Structures are given as structure tokens and as C-alpha cells.
Amino acid sequence: ARAILDEGKDPAIVKKLAIEANRKAAETTFKLVAKEWHEAFKAQWAVAHAHDVIRSFERDVFPAIGEYPITDLTPPMVLKVLRAIEARGSIEIAKRVRQRISAVYVYAIAEGIATSDPADKLAAVLK
């Protein structure tokens with residue numbers, strides 16, 4: 001508190017801002033950002049493709065990692081989702097889902113929501 005006061009700031013306000021930032025980060029789930037991304041880009045896609053994209057998230061991604069804050073996801077967490085898809089023999093779908101997760105992160109980074117993409121380097125370890 002003394003250091004904050006020495007900077008000319010009110011410690012109570014700094015604490016409230018930190019709490020608000022933590023709350024907002026916790027509310028910004030992968031599912032929320034993915035749906036926002038899908039809504040922003042679906043007009044550029046064929047209707048069938050837009051449906052396939054959201055369906056793949058709803059079936060494979062949202063149940064596993066959808067409720068996590070987008071900034072808390074790690075490459076091993078994303079890889080676990082992709083390995084589950086591979087385990088049922090859907091190798092090509094796993095690759096597409098990785099690309100789609102990465103596209104959500106590109107959107108999140110551009111929007112200032114995230115700073116890195118945990119799915120970026122995972123293509124090399126997929127079957």
C-alpha cells in the first residue's frame with residue numbers, strides 16, 4: 001500500500017481495478033470468444049461451413065475447455081481436446097479443429113483479449 005501511495009495512487013482504487021480486471025478475465029471464456037468470432041466471420045462462409053464450424057466446437061471443444069477463461073488455456077489442455085478427436089479416428093477433423101481454435105485466438109489477440117495462441121504449434125504433434 002505504501003508503494004502505491006508513493007506513486008500518487010489510491011490503494012483502494014488500485015485494488016478495486018485489479019478485482020474488476022480479474023472478474024472480467026474469468027468471464028471471458030473460450031466459448032464466449034469463439035461464439036463472438038463465429039458470429040463475426042460466418043457471413044464470409046457458406047452456410048454449411050458455418051454450421052460445421054460451430055458444430056465442431058459444440059461437439060468437441062466446448063464440453064472440454066469452453067468454460068475456461070481464454071487466457072488460462074495452455075497447449076497441453078488444447079492438445080488433450082485434439083487427442084480425444086484423434087482417438088476416435090477423426091484425424092482430419094482434429095487438424096481442422098486445431099486451425100479453428102487458432103483462428104479464435106488470432107481474433108482474441110486482435111481484440112486485446114488474449115496475448116498468445118496455445119494451439120499455434122500443435123499441428124506438428126498431431127497424427
Side-chain angles (χ1 to χ4, degrees):
R2 171 126 351 242
I4 293 170
L5 283 171
D6 289 343
E7 293 175 8
K9 297 177 184 174
D10 183 344
I13 293 174
V14 170
K15 184 177 178 180
K16 286 179 184 177
L17 290 173
I19 290 169
E20 179 63 24
N22 286 339
R23 185 189 62 73
K24 186 173 182 178
E27 289 177 352
T28 308
T29 64
F30 180 81
K31 183 177 183 178
L32 178 77
V33 178
K35 286 189 171 201
E36 202 176 284
W37 164 80
H38 183 263
E39 197 61 37
F41 288 94
K42 73 178 184 181
Q44 300 174 21
W45 304 327
V47 173
H49 177 69
H51 177 72
D52 287 347
V53 169
I54 199 66
R55 197 171 128 243
S56 68
F57 277 132
E58 289 171 346
R59 181 184 57 229
D60 297 316
V61 181
F62 294 161
I65 61 174
E67 298 306 319
Y68 285 93
I70 193 165
T71 56
D72 288 357
L73 292 177
T74 62
M77 294 168 79
V78 175
L79 183 60
K80 185 176 178 182
V81 171
L82 300 174
R83 291 278 191 234
I85 297 168
E86 285 182 334
R88 67 174 194 248
S90 302
I91 308 303
E92 203 52 44
I93 291 174
K95 291 178 182 181
R96 280 191 229 128
V97 167
R98 191 216 56 85
Q99 290 173 332
R100 293 168 184 168
I101 291 172
S102 202
V104 170
Y105 271 94
V106 168
Y107 173 80
I109 291 166
E111 292 290 328
I113 299 167
T115 57
S116 64
D117 174 5
D120 183 40
K121 304 290 186 208
L122 297 180
V125 297
L126 295 177
K127 291 181 182 175

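Computation of the quantities below employed the complete heavy-atom set of this structure, encompassing side-chain atoms and omitting hydrogens, waters and symmetry-equivalent molecules. This is a predicted model, so every value here is computed, not measured.
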Legend entry - D60 and R88, any side-chain heavy atoms less than 4.5 Å apart: yes
Legend entry - Side chain to side chain, Q99 and R96, heavy atoms closer than 4.5 Å: yes
Inset, instruction - Could you tell me how the ring of H49 sits relative to the ring of W45: parallel (under 30°), tilted (30 to 60°) or perpendicular (over 60°)? - result: perpendicular
Legend entry - Contact check, side chains of V104 and F30, non-hydrogen atoms, under 4.5 Å: yes
Legend entry - Contact summary for V78 and P118, nearest pair of heavy atoms: CG2-CG, 4.1 Å
Legend entry - Electrostatic pair R83-E86, nearest N-O below 4.0 angstrom: yes
Inset, instruction - Is it possible for you to say whether F41 and V33 belong to one hydrophobic cluster, with membership spreading through side-chain heavy-atom contacts below 4.5 Å? - result: yes
Inset, instruction - Say whether, by atom type as modelled, one donor and one acceptor occur between the side chain of Y107 and the main chain of H38 under 3.5 angstrom. - result: no
Inset, instruction - Indicate, with yes or no, if I113 and L32 share a hydrophobic cluster defined by side-chain heavy-atom contacts under 4.5 Å among Ile, Leu, Val, Met, Phe, Trp and Tyr. - result: no
Inset, instruction - Please examine the side chains of L82 and V97, heavy atoms only from C-beta on, and report whether any two atoms are closer than 4.5 Å. - result: yes
Legend entry - ILVMFWY cluster, I54 and I85 together (side-chain gap under 4.5 Å): yes
Legend entry - Stepwise side-chain contact (heavy atoms from CB on, under 4.5 Å) test for T29 and I65: CA-CA 9 Å; T29 64; I65 61 174; over 6 Å; no
Legend entry - Close side-chain approach of T115 to T71, heavy-atom, < 4.5 Å: no
Inset, instruction - Treating Ile, Leu, Val, Met, Phe, Trp and Tyr as nodes and any side-chain heavy-atom pair under 4.5 angstrom as an edge, say whether L73 and L126 lie in one connected cluster. - result: yes
Inset, instruction - Please examine the side chains of I70 and Y105, heavy atoms only from C-beta on, and report whether any two atoms are closer than 4.5 Å. - result: yes
Legend entry - Check: D10 and I4 side chains under 4.5 Å, non-hydrogen atoms: no
Legend entry - Reported NZ-to-CZ distance for the pair K121 and R98, which is rounded to 0.5 angstrom: 10.0 Å
Legend entry - Where A119 and S102 come nearest, the two heavy atoms and their spacing: CB-N, 4.1 Å
Legend entry - Pair S56-R100, side-chain donor/acceptor within less than 3.5 Å: yes
Legend entry - side-chain contact (heavy atoms from CB on, under 4.5 Å) evaluation trace for R59 with I93: CA-CA 12 Å; R59 181 184 57 229; I93 291 174; 4.2 Å; yes
Inset, instruction - Could you tell me how the ring of F57 sits relative to the ring of F62: parallel (under 30°), tilted (30 to 60°) or perpendicular (over 60°)? - result: parallel
Legend entry - Flag side-chain contact, heavy atom, 4.5 Å: T74 against Y68: no
Inset, instruction - First locate atom CG of D120, then atom CD1 of I109, and finally report the distance between them rounded to the nearest 0.5 Å. - result: 8.5 Å
Legend entry - Single-linkage hydrophobic cluster V81~V125, side-chain heavy atoms < 4.5 angstrom: yes
